[in-house]
Number of protein chains: 2
Amino acid sequence: MIKITFPDNSVREYDSGITGIEIAKSISNNLAKEVLSITVNGDIQDLTRTITTDSSIKLHTWDDKEGKHAFWHSSAHLMAEAIEAIYPGVKLAIGPSIESGFYYDLDMPEGTTVTDKDLPAIEKKMIELARLKNSYTREDITKAEALNYFENKGDQYKTELISDLEDGTITLYKQGNFTDLCRGPHLPNTGYIKAVKLLSIAGAYWRGNEKNKQLTRIYGISFPKQKMLEEHMILLEEAKKRDHRKIGKELDLFTFSQRVGQGLPLWLPKGAMLRERLENFLKRVQKEHGYLPVITPHIGNKELYVTSGHYAKYGADSFQPINTPAEGEEFLLKPMNCPHHCEIFKARPKSYKDLPVRYAEFGTVYRYEQSGELHGLTRVRGFTQDDAHIFCRPDQLKDEFKKVIDIVLYIFKTLNFENFVTQISLRDQVNREKYIGSDENWEKAENAIIEATSEKGLETVVEYGEAAFYGPKLDFMVKDALGRSWQLGTIQVDYNLPERFELEYVGSDDQKHRPIMIHRAPFGSMERFVAVLIEHTAGKFPLWLNPDQAVILPISEKYNDYANKVADMLSKEDVRVIVDSRNEKIGKKIRDNELMKIPYLLIVGEQEENSQSVSVRKQGDGDKGTMSIGEFASHIQEEVKKLIEVKEN
Amino acid sequence: MIKITFPDNSVREYDSGITGIEIAKSISNNLAKEVLSITVNGDIQDLTRTITTDSSIKLHTWDDKEGKHAFWHSSAHLMAEAIEAIYPGVKLAIGPSIESGFYYDLDMPEGTTVTDKDLPAIEKKMIELARLKNSYTREDITKAEALNYFENKGDQYKTELISDLEDGTITLYKQGNFTDLCRGPHLPNTGYIKAVKLLSIAGAYWRGNEKNKQLTRIYGISFPKQKMLEEHMILLEEAKKRDHRKIGKELDLFTFSQRVGQGLPLWLPKGAMLRERLENFLKRVQKEHGYLPVITPHIGNKELYVTSGHYAKYGADSFQPINTPAEGEEFLLKPMNCPHHCEIFKARPKSYKDLPVRYAEFGTVYRYEQSGELHGLTRVRGFTQDDAHIFCRPDQLKDEFKKVIDIVLYIFKTLNFENFVTQISLRDQVNREKYIGSDENWEKAENAIIEATSEKGLETVVEYGEAAFYGPKLDFMVKDALGRSWQLGTIQVDYNLPERFELEYVGSDDQKHRPIMIHRAPFGSMERFVAVLIEHTAGKFPLWLNPDQAVILPISEKYNDYANKVADMLSKEDVRVIVDSRNEKIGKKIRDNELMKIPYLLIVGEQEENSQSVSVRKQGDGDKGTMSIGEFASHIQEEVKKLIEVKEN
């Protein structure tokens, strides 16, 4: 008999040789139907592999990323099988699961191309093969055998991959007539895959290197139920409408220029105003919470990053050093603000009475990403963190952590991200050699986070092994209006940088002590946050945030003067207002400005001019009647006040 | 007879062979006493050189930089003569005039060193030699003769300099027993030099290269009157007290870190608050004037600067390109914001109705400076420009220029820089091949500036040949409280970048036209401006700008609670206030906080707590009596309002 320990620390005994699917069945038939893969002692495996020693396990369903991963990875193999059946001679490169679905890179037979029109036939073949319920079987062979197999098959990409592997056991997975080089894990059989949609075709260089051959990449997604696919397709349709790149262009918020460089956003006036308003909002909140602003340069001497350890860890994959034309100095674009803030902490001696100090900076940082990875404002090469670093004494850690949680919750509330989950990332329970700092400090820090979140009443998920090497952290994942998860705010505890920078304060005992550092960024970055906000609100920003709160539409050019007068009066009352004085029909003006998602449209003509008033239309809410100019200004001011103030209580 | 044209375009006739000093004498004996050098047809010369053809001339006195240059350059030669007399065998490197005085780099004889103690003896010798009224005489010889002379003298530095010169005539200057390789010009004789002060000794590498020998550099200054030297020494003493590096440290405004890199300021909280307040002030003014904010990255693809022409012109002397770890891209740290703003202009099609557009950005730029050139916040490697670019039609140029002048004047007035001069920099009147753009455009632009400044009633100095190669400009030089001049704001007209970036708008004629660009930065940079503001105010910033407007001083720890309560109440009234709750005597607290230059000190003890009041001391103005908390808040609000508002009218 072997002992199996479950995630809740309960233990059950089973015969040696039991499989994951059998364990699931021993709990309930329903679970057995839903389970997709299993983690055994930290290793994700097939449900059909036997377990022969005492083990800690976790069963994964569709709700876990490990479950989806096995499902989509098996679907990629299924797609490859279907494609081999339809296009004999196709050569296969790699076919992984991704965040949402899977893809396979193919070298199509000479003279053959796949287009969108061909995808339904592949989908049909996949479903046909899935219904055969062929098992995914795992086979360990030697490297020589593996090479031999794929050389015979004539698949040069797999041969190349195998050649690069170390000598030893190579794993193959087979289902039906298809064999692939693969580490797994996979579903028990193809029958799990009930619904498939192939989404798009793209070009992709072999191994991501533009000097290599361009292959054909087919993206797809699959589900255990047809209804789930249908829901997903509706979501995709809605997501397309809310794509921040599309809305960012429509609302003139930001742009990119090839000449400036890919992944480097240029904020247009409306976007810059929106971002500035968000920054001012955060600055106000931070000031109220005792943060101090600092400003640091966007480069640092290489030495700074050698000290911080970033150069050794990330130097080779980063933007390369900047040399000076004389004097032989080397600088790096800053990938984070923390080393600069450590130097500011060091600039003046500190006493225990000075702590905590909280340095805040909207610091723009630069990190190299491959061009293929870039995506609108969510994956960029330069971004501005809403960054702050708190330097505190050990006895202040929990309190400071709670105060940061307060800020994050207040911000999420004010911006209508009411739906979020928090994840506490702790050390791996077993392998502890990869973490720096004493066990005692780690326990203090982990307990501080656990207690702080519990005292703040947060529902948290604890993930072991997900901590950074320098300390545990708390992540906030918000759900947007479409139910999609976005990782935003992070709070991290750090023992490493204070050590490396030899930060000190003089304690009440007159001895030198090392402070603890907290990194925190409620938004993560302004770029990412604005992207999420756009997709969450579909561009209909809260009234207090919108660059333009109202647009005045004169019904003909005769009333442009009155419109400008109204605009001046409203501006004096701090209402952000523009005038659409184009010589267009009023109907077209209304339509155009509704597309620009301006919250209020104020129509003015003879009647309004005579009564010194405006006819008010609210975006998505229709006609609100006629108001005097003063009434409308108060109306806006009240609404803004309500949006911000209600949240503060 | 030859015709001599004066700067006011008046013409007089003289015999051929007349000298500058004789021309001066022909006007007045007083002028002849004051004149120090002369510009003849654009070439600065000795007053004793003969003029043999029709010429345009300008006579220079102490009030012109050309006059001072000759005076100080002659003083450097005089110092060298004195040093040769005292230290036989000294070898001479270079000895120029500088912005304020002169220096000479010396290779002292083996075993000899010069220290501060030796300077009075050198000064004495200089005055002794000056009284001999030895003439500075110019001699043209061949390169071979020059080499021969300095080889015989054993002066290897001069020999090296001569070897690098092209073959042809070499100029020597002699006075008394001293001969130097020199282009001149010089004073007629040493008798002009009445007062000398040698200021400091420093090390300097030969030719600025650290691989070469380190020489001894002696700095000095000299004047035509003893009284001027005395005044200068008082000014130096006062300037030392106001040195922004000293005050910046005392007031905790900024710091530098070797590990971050020299010339890269780190703004500490108080400095960041000051800067942010200045930026917000400018943002408000710019918003009122129709500027639109934009935000751009701190790097740009090399291609961007190849397009702008900066790479060809400055690439080799700049921070070197940043390579990517893959994909072979090259980026540059941005040395200016204009190319990015051109790309923003290009991002959307523009019509004549859209112009002018005014893009504003507090854009941080990076320019390489040799470490020896760096100086506090006035000469740095990274700085934030209060930058904006206006794109307008030709018919809008003058009006836009006037609007920019309005902004600059308003800003100078609000910040108490009432004393300034403006310089219009136009094309050289003769050599026009170095300027780009059509004659017609240049004339339009030059006239626009001349008319705009005259319509705004500015007193201007016109300098021909000082325009940038891409357009004319207007510079503002403010005088600080010590009468020192600082170049701050610049307004430049640019035809070049719109051409290079192929910027276009569709005119009312439906044809494509090229806009004109105006570059403008009222402060120049935040770093430089803050430095000037510190030296101008000696750190006593205007009340509306000071990071802390008041500090509350409890007379003992017993009243700390009341002090904190007062602070809370004042904060709610938008008064920026801190509490000095240290356990120190009230006398020491008052002294310490006066040194921190906080405008108001509020002393609280039993009496104040009982009457819910504060005892008010104003910085530099003593006791202002007791006020209720509300009264004090109103008092501050009124004072701030007056400081900002009065200036607006």
Side-chain angles (χ1 to χ4, degrees), chain A residues 208-210 252 255 257-262 264-273 275-276 283 292-301 303-304 307 316-327 329 331 333 339-340 343-344 346-348 357 359 361 364 366 368 370-371 381-382 384, chain B residues 209-210 252 255 257-262 264-273 275-276 283 292-301 303-304 307 316-327 329 331 333 339-340 343-344 346-348 357 359 361 364 366 368 370-371 381-382 384 501:
Chain A
N209 185 336
E210 68 213 292
D252 256 350
T255 188
S257 139
Q258 206 59 28
R259 201 135 55 171
V260 166
Q262 44 195 356
L264 296 169
L266 299 169
W267 292 79
L268 301 175
K270 300 264 181 218
M273 287 178 210
R275 175 173 152 179
E276 206 169 282
K283 278 180 189 171
L292 301 170
V294 295
I295 306 171
T296 65
H298 303 93
I299 57 175
N301 200 296
E303 177 60 23
L304 186 71
T307 303
D317 300 323
S318 300
F319 284 112
Q320 293 302 290
I322 303 157
N323 293 299
T324 52
E327 306 181 83
E329 293 166 276
F331 291 89
L333 276 173
H340 284 80
E343 286 295 296
I344 286 185
K346 259 179 107 81
R348 303 280 184 267
V357 286
Y359 295 137
E361 178 173 25
T364 308
Y366 293 88
Y368 175 74
Q370 292 200 4
S371 55
R381 286 174 166 184
T384 301
Chain B
N209 184 338
E210 68 213 294
D252 258 349
T255 190
S257 139
Q258 207 55 31
R259 201 135 56 173
V260 167
Q262 43 195 356
L264 296 169
L266 299 168
W267 292 78
L268 300 175
K270 300 266 181 216
M273 286 178 210
R275 173 174 152 177
E276 206 169 283
K283 278 181 189 172
L292 301 171
V294 295
I295 306 171
T296 65
H298 303 92
I299 57 176
N301 200 297
E303 177 61 23
L304 187 69
T307 303
D317 299 321
S318 299
F319 283 113
Q320 294 302 291
I322 303 158
N323 293 299
T324 52
E327 306 180 81
E329 293 166 275
F331 291 89
L333 276 173
H340 284 81
E343 286 295 296
I344 286 185
K346 258 179 108 79
R348 303 278 184 271
V357 286
Y359 295 137
E361 177 173 27
T364 307
Y366 293 87
Y368 175 73
Q370 291 199 2
S371 56
R381 287 175 165 183
T384 301
F501 279 89

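Sequence lines set the chain letters: A, B, ... in the order given, protein chains first and strands last, and positions in each chain run from 1. Just so we're clear, the structure is a prediction, and the values are computed from it rather than from any experiment.
For P269(B), the side chain to side chain contact (heavy atoms under 4.5 Å, CB included) partners two or more places apart in sequence, or in a different chain, are L292(A), V294(A), Y359(A), M273(B). Residues meeting the side chain to side chain contact (heavy atoms under 4.5 Å, CB included) test with E343(A), sequence neighbours left out: L304(A), K346(A), F501(A), S257(B), R259(B), V260(B), L266(B).
Neither the backbone nor the side chain of E361(A) comes within less than 4.5 Å of any heavy atom of chain B. Interface residue N323(A): backbone and side-chain heavy atoms are both found under 4.5 Å from chain B. In this structure, chain B has heavy atoms under 4.5 Å from both the backbone and the side chain of F319(A). With a 4.5 angstrom heavy-atom cutoff, T384(B) does not touch chain A via any of its atoms. Neither the backbone nor the side chain of K270(B) has a heavy atom closer than 4.5 Å to any heavy atom of chain A. Interface residue L333(A): only side-chain heavy atoms are found under 4.5 Å from chain B. Of the atoms belonging to P339(B), not a single heavy atom falls under 4.5 Å from chain A. For a residue to count as touching a neighbouring chain, one of its non-hydrogen atoms must lie under 4.5 Å from one of that chain's; by this rule A326(B) touches chain A with backbone and side chain alike. Contacts of N209(A) with chain B are absent, with no heavy-atom separation under 4.5 Å from either backbone or side chain. If you measure heavy-atom distances from P265(A) to chain B, the contacts under 4.5 Å come from the backbone alone.
L268(B) contributes atom CG, which lies 10.5 Å from atom CD1 of I295(A) (distance to the nearest 0.5 angstrom). Atom-to-atom distance recorded for Q262(B):CD and N301(A):CG is 8.5 Å, nearest 0.5 angstrom.
Heavy-atom minimum distance, A272(A) versus P293(B): CB-O, 3.4 Å.
Most heavy-atom pairs under 4.5 Å with chain B, from the set A316(A), S371(A), G300(A), P321(A): that is S371(A). Chain B forms the most heavy-atom pairs under 4.5 Å with one residue out of I299(A), V357(A), I344(A), and that residue is I299(A). For the set G382(B), A347(B), S318(B), the entry with the most heavy-atom pairs within less than 4.5 Å of chain A is S318(B). Note on K283(B), E303(B), R348(B), R381(B): by heavy-atom pairs under 4.5 Å with chain A, the leading option is R348(B).
Y366(A) is not listed as a side-chain neighbour of I322(B), based on a closest heavy-atom distance of 4.5 Å or more.
Between the side chain of Q320(B) and the backbone N or O of P325(A), no donor-acceptor pair lies under 3.5 Å.
Looking only at atom types and distance, the side chain of E329(A) has no donor-acceptor partner in the side chain of Y368(B) under 3.5 Å away.
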